[in-house]
Each structure stands twice: as C-alpha cells, then as structure tokens.
Protein chains: 2
Amino acid sequence: MNKNIYMQIYNDYSAQVQSGSLSTGQKLPSENELAGAYRTSRETVRKALHMLSENGYIHKIKGKGSFVLDTQRMSFPVSGLVTFKEVSERLGRSVRTIVYENDCVPSTAEIRRCLQLKEPGPVWKVVRAREIEGEKIILDKDYFLTTYVPSLSLEAATNSIYEYLEQKLNLPISYAKKEISVEEVTPEDKLLLDLHDYQHIVVVRNYVYLVDTTLFQYTESRHRLDKFQFVDFARRVKN
Amino acid sequence: MNKNIYMQIYNDYSAQVQSGSLSTGQKLPSENELAGAYRTSRETVRKALHMLSENGYIHKIKGKGSFVLDTQRMSFPVSGLVTFKEVSERLGRSVRTIVYENDCVPSTAEIRRCLQLKEPGPVWKVVRAREIEGEKIILDKDYFLTTYVPSLSLEAATNSIYEYLEQKLNLPISYAKKEISVEEVTPEDKLLLDLHDYQHIVVVRNYVYLVDTTLFQYTESRHRLDKFQFVDFARRVKN
DNA sequence: GATTCTATCTTGTATATACAGGTTGTCAAA
DNA sequence: TTTGACAACCTGTATATACAAGATAGAATC
C-alpha cells in the first residue's frame with residue numbers, strides 16, 4: 001500500500017483531513033519541512049500535495065503555504081468512483097441490497113451499443129435494488145463483458161462488486177465516465193422500486209474502462225428523484 | 001498565455017484532441033521526443049501530459065506511451081467549470097439570454113447561509129433565463145459578494161459574467177463545488193420558464209471560491225428535467 | 001518451431017539544484 | 001509614526017540525472 005512515498009504522504013493527509021483531525025483552514029507544514037519529516041525530496045512532497053489539491057482536500061497559495069479545505073460539507077463523493085457500499089457506510093444509515101437478477105444473458109442491441117460491442121454475444125447482468133431506511137430508492141443495472149467477468153457469485157453481488165473485481169479478479173480499473181439525466185419512469189422502475197407517484201427518475205449512466213482503455217462495464221443507476229444528490233469538485237483551468 | 005512551457009504543451013494537445021485533428025487511439029510522441037521538440041526537459045513534458053490525462057484527453061500506459069481518448073462522445077463539460085456561453089457555442093444551437101433582474105439587494109437569511117455571510121448586508125443579484133431553440137429552459141440565479149462585485153452592467157449579464165469577472169475585474173477564481181439535486185418547482189420557476197407540466201426541476205448549486213478561499217459567488221441553476229444533462233470524467237485513485 | 005534471453009524503447013519514481021516571484025516581518029531612515 | 005528597503009521563507013517553474021519496471025522485437029538457444 002505504501003510502496004510509493006508520495007502515495008504515503010497523500011494517504012496520510014487525506015485521511016487526516018477526512019477524519020477531521022486537521023481542521024478547516026489549518027496550515028500544513030511547508031514543503032521543505034514535509035520533505036524533512038518524510039526524509040524525501042521536495043518534488044516528491046509536491047507531487048503528494050498536488051494530488052491533495054486536485055481532490056479538494058487542500059488549497060495551495062503561492063508564497064504562503066498549503067491549507068486544509070472544508071470537506072465536511074462535501075457529504076457525497078468528492079469526485080472519482082465511489083461505490084454504494086462506501087457511501088452508505090459513510091452515511092451510517094441502515095441499508096440493504098436486494099438482488100433481483102444475477103446471471104448470463106444474451107446482449108440486446110441497446111446493451112451492445114452501450115458496451116460498444118460489434119457482435120452479438122452474452123453479457124453478465126446484475127439487477128439490484130438499494131433499500132435505505134426501509135424504502136427501495138435506487139435501482140442498479142450492471143452489465144459486464146463476459147471476457148473479464150465470466151461469472152459472479154450472489155454473495156459478491158450482494159456486497160460490493162467493485163471489491164470483488166479489484167481484489168479477487170484483479171481487474172485494473174482506470175477511469176469512468178458518468179452521464180446524469182432525468183427520464184420518465186419505466187414499468188420496471190415502478191415494479192422494483194418504492195417510487196410513490198413520481199413520474200420521473202434520475203438516471204446515472206456509468207461507463208467503466210480498464211487501463212487498456214477497453215470498456216468492460218456499463219452501469220445504469222436509477223435514483224428516486226427526492227433522494228438523489230451528486231457533488232462535484234472542480235478546479236479552474238486557466239487557458 | 002504561453003508563459004509556461006508545460007501550459008503551452010497542454011494547450012497545444014488539448015486543442016488538437018478536441019478539434020479531432022488527433023484521432024482516438026492515436027499514439028502521441030514519446031516523452032523524450034516531445035522534450036526534444038519543445039526544447040525542454042522530460043519532467044516539463046510529463047507535467048503537461050499528466051494534466052491532459054487528468055482532464056480526460058489522453059491515457060498513459062507504462063512502457064507503451066500516451067494515447068488519445070475518445071472525447072467526441074463527451075458532449076458536455078469534460079469536467080471543470082464551464083460557462084453557459086462556452087457550452088452553447090459548442091452545441092451550435094440558437095440560444096438567447098433574458099435578464100430578469102440585475103441589481104443590488106439586501107441579503108436574505110437563505111442567501112447569507114449559502115454565501116456563508118455572518119452579518120446582514122447587500123449582495124449583487126442576477127436572475128437570467130436561458131432560451132434554447134425558442135424555449136426558456138434554464139433559470140440562473142447568481143449572487144455575488146459586493147466586496148468583489150460592486151456592480152454589473154446589463155451587457156455583462158447578458159453575455160458571459162465569467163468573462164467579465166476574470167478579464168475585467170481580474171478576479172482570481174480558483175475552484176468550485178457543484179451540488180446536483182431534484183426539487184419541486186416553485187411559482188417563480190413556472191413564471192419565468194417554459195416548464196410545460198413538469199412538477200420537478202433539476203437544481204445545480206454552484207459555490208465559487210477565489211484563490212484566497214473566500215466564497216464570493218453562489219449560483220443556482222435550475223434546469224427543466226428533460227433538457228438536463230451532466231457529464232463527469234473520473235479517474236480511479238488507488239488507496 | 002517454440003522458448004528464453006536480451007537489448008532497447010517506453011513510462012514511473014525519486015533526488016538535487018537553480019532561479020523566479022509572492023508573502024511577511026524586521027529594522028532603519030525619513 | 002510612517003515609509004521603504006531588505007532578508008527570510010514560501011510555493012512555482014525548469015533542468016539534469018538516475019534507476020525501476022512494463023512492453024516489444026529480434027537474436028540465441030533448446
């Protein structure tokens with residue numbers, strides 16, 4: 001885990017900021033001090049601080065130093081790929097996952113388009129509802145390339161698929177693209193979720209890529225309107 | 001604009017990827033070749049390539065090289081702060097901005113909470129509707145600290161406020177936090193937008209910070225359900 | 001022919017150094 | 001007291017170098 005020095009510094013400080021043991025606005029040690037403390041060079045420290053800055057943990061001011069940002073208010077993912085399990089654990093609510101489907105199915109034209117498949121063939125399909133405080137709020141529909149995910153146990157589907165993919169199958173996940181939009185509810189939504197009388201639903205389409213840039217997973221996450229929230233942290237890039 | 005070498009490289013290649021003059025999957029010159037071409041060091045090239053990678057333009061593979069990613073499909077902001085003007089220009093649709101309000105008003109408790117103001121005082125308020133293809137789709141409500149934005153011309157409000165703030169007032173914008181949620185429509189929404197019969201509306205709350213970490217702007221962007229889309233690019237951070 | 005080894009290319013990590021330029025406090029001069 | 005010069009410290013940019021480690025093609029070996 002701590003193979004790289006700059007990763008170790010990043011992990012140390014991101015943990016401290018998240019746990020609140022460093023308070024908002026507090027000044028970090030200077031780059032030279034950190035270099036001394038970790039017995040490394042200033043450039044290595046700078047790499048860690050740059051990552052912390054990119055991910056919204058700290059803020060650097062030229063001539064002054066690095067300062068802790070307010071992450072308390074960022075309740076949801078600061079950015080990046082965060083799983084339902086991680087989020088719900090952070091929220092500390094009573095959550096439950098109901099697996100409706102978990103098997104190998106022939107791919108429809110729609111799914112082939114999403115997974116950029118040219119030829120017909122099977123895909124692994126998982127349909128799950130997420131129950132929060134007794135209400136089924138989110139419908140997750142996952143599709144995997146059978147090349148990478150030949151099968152999936154019910155246990156893995158009930159817990160965290162990501163954990164299984166990364167730790168057991170050792171799949172090198174690299175990046176993902178999210179699309180958020182609002183669409184009309186389908187009969188399936190009404191059947192599998194506790195929708196009340198909402199006519200629309202928030203759809204988050206997630207395209208997950210491996211390090212070799214192959215698209216291997218497509219996820220459709222359908223959230224009930226009133227329970228949906230998404231938080232994004234963005235830095236201004238000067239032109 | 002080209003003060004920094006790495007920024008020049010970044011701008012060169014991000015432009016080439018966006019314009020499509022570099023096609024998806026194409027290999028970039030190696031870091032050493034680029035260093036030679038720009039008469040600079042490999043570390044400087046690496047800084048530029050890292051930025052391109054962070055922003056979803058390219059993908060680096062250890063031992064192989066850097067490859068152009070598919071940005072065509074990422075129709076909306078790849079990430080970061082993108083203004084309505086920039087987006088609409090890219091879409092090439094007929095768009096129009098209607099300014100409903102543009103003046104200095106006393107702050108309400110709600111606004112003080114959003115702008116983290118402790119004491120009562122005036123704020124600069126701008127309310128605008130965005131018309132796309134003849135329909136008023138988006139309602140933008142902007143609130144600025146009068147310390148930084150004492151007044152705003154009708155012309156600046158009609159065009160791009162960001163352009164005015166950054167280029168005329170020279171305000172050093174650093175980062176922003178976005179919150180996306182869905183809420184019930186208000187009477188004001190019904191009055192100022194072409195809402196049809198939608199009962200809900202997508203609300204994007206935008207908190208904009210300066211480099212000294214002061215929150216100076218709060219924007220509420222209210223989108224009609226059927227026209228809302230948000231795209232996010234995220235890289236996996238290993239722990 | 002199939003396999004292994006190796007040379008060489010690539011990117012990733014780490015170090016040392018230099019100078020530019022923003023920030024702050026001190027101390028002397030006006 | 002106020003002002004200005006300056007030193008000390010901070011981050012930002014750039015360069016040179018070294019070695020680790022993944023990828024690949026071709027030579028050597030079995």
Side-chain angles (χ1 to χ4, degrees), chain A residues 1-13 25-54 57-69 170-172 174-175 210-214 235-238, chain B residues 1-13 25-54 57-69 170-172 174-175 210-214 235-238:
Chain A
M1 226 50 126
N2 295 328
K3 213 179 65 181
N4 301 336
I5 304 174
Y6 75 87
M7 264 300 178
Q8 194 191 322
I9 303 177
Y10 173 83
N11 287 332
D12 283 0
Y13 277 90
Q26 195 170 335
K27 187 178 178 300
L28 263 55
S30 78
E31 294 175 352
N32 283 318
E33 285 169 344
L34 282 171
Y38 281 88
R39 296 174 189 280
T40 182
S41 67
R42 194 182 143 218
E43 277 303 314
T44 301
V45 171
R46 280 178 61 73
K47 207 180 284 188
L49 293 182
H50 182 254
M51 281 181 68
L52 288 166
S53 159
E54 282 289 308
Y57 290 110
I58 66 167
H59 184 252
K60 310 188 83 201
I61 305 179
K62 186 174 179 176
K64 294 185 78 171
S66 303
F67 302 87
V68 176
L69 280 178
N170 235 334
L171 281 179
S174 170
Y175 60 94
L210 301 177
V211 294
D212 61 2
T213 74
T214 54
R235 234 161 238 294
R236 179 78 174 160
V237 179
K238 295 251 180 66
Chain B
M1 226 52 128
N2 294 329
K3 211 179 65 180
N4 300 337
I5 303 174
Y6 75 86
M7 263 299 178
Q8 193 190 324
I9 303 177
Y10 174 83
N11 288 330
D12 284 0
Y13 277 89
Q26 195 170 335
K27 187 178 177 300
L28 262 55
S30 78
E31 294 175 352
N32 283 318
E33 285 169 344
L34 283 172
Y38 281 90
R39 297 173 188 281
T40 183
S41 67
R42 192 183 144 217
E43 277 303 315
T44 302
V45 170
R46 280 179 61 73
K47 206 180 286 190
L49 292 182
H50 181 253
M51 280 181 68
L52 288 166
S53 160
E54 281 288 308
Y57 290 111
I58 67 166
H59 184 252
K60 309 188 84 203
I61 305 179
K62 186 174 180 176
K64 293 186 80 172
S66 302
F67 302 87
V68 176
L69 280 178
N170 236 333
L171 281 179
S174 169
Y175 61 93
L210 301 178
V211 294
D212 61 2
T213 74
T214 54
R235 230 161 242 295
R236 180 78 174 160
V237 179
K238 297 253 180 65

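All chains are named by letter (A, B, ...) in the order of the sequence lines, taking the proteins before the strands, and each is independently numbered beginning at 1.
- Taking 4.0 angstrom as the limit, B/Thr44 places a side-chain polar atom (N or O) nearer than this to OP1 or OP2 of D/dT15.
- Side-chain contact between B/Met7 and B/Met51 is present, with heavy atoms from C-beta onward closer than 4.5 Å.
- Straight-line distance from the NE2 atom of B/His50 to the C1' atom of C/dT13: 13 Å, rounded to whole Å.
- Here the straight-line distance linking atom OH of A/Tyr13 with atom CD1 of A/Ile58 works out to 10.0 Å at 0.5 Å rounding.
- Classification of the A/Tyr57-A/Tyr10 ring pair by plane angle, with boundaries at 30° and 60°, yields perpendicular.
- Nearest nucleotide to the side chain of B/Ser41, out of D/dT11, D/dA16, C/dA14: D/dA16.
- The phosphate of D/dT15 (OP1 or OP2) has no side-chain N or O of B/Arg42 nearer than 4.0 angstrom.
- Between B/His59 atom NE2 and C/dT10 atom P the separation is 19 Å, expressed in whole Å.
- Residue-level contact check: B/Leu49 touches neither bases nor backbone, having no heavy atom under 4.0 Å from any strand.
- For the atom pair CD1 of A/Ile9 and CG of A/Leu49, the computed distance is 7.5 Å after rounding to the nearest 0.5 Å.
- The distance between atom CD1 of B/Ile5 and atom C1' of D/dG12, rounded to the nearest whole Å, is 13 Å.
- Whole-Å rounding puts the A/Glu43 CD to D/dC10 C1' distance at 15 Å.
- Summarising the geometry, the separation between NZ on A/Lys47 and P on C/dT13 is reported as 5 Å, rounded to the nearest angstrom.
- OP1 or OP2 of C/dG12 has at least one side-chain nitrogen or oxygen of B/Arg46 nearer than 4.0 Å.
- Distance check: B/Ser66 OG to B/Leu34 CG gives 8.0 Å after rounding to the nearest 0.5 Å.
- Relative to the side chain of B/Asn32, the nucleotides D/dT24, C/dT10, C/dA14 differ in distance, and C/dT10 lies closest.
- The CZ atom of A/Phe67 sits 11 Å away from the P atom of C/dT23 (whole-angstrom rounding).
- Separating the NZ atom of B/Lys60 from the C1' atom of C/dG12 is a distance of 8 Å, rounded to the nearest angstrom.
- For A/Glu31, taking side-chain heavy atoms from C-beta onward, the closest of the listed nucleotides D/dT11, D/dT15, C/dT11 is D/dT11.
- At the phosphate of D/dG22, neither OP1 nor OP2 sits under 4.0 Å from any side-chain N or O atom of B/Lys64.
- Taking every side-chain heavy atom of B/Tyr6 into account, D/dA14 is the closest of D/dA14, D/dG12, C/dT13.
- If you measure from atom NZ of A/Lys27 to atom C1' of D/dT11, you get 10 Å, rounded to the nearest angstrom.
- Nearest to the side chain of B/Lys62, among D/dG22, D/dT15, C/dA14, sits D/dG22.
- Comparing C/dA14, C/dG12, C/dT15 by their closest approach to the side chain of A/Thr40 singles out C/dT15.
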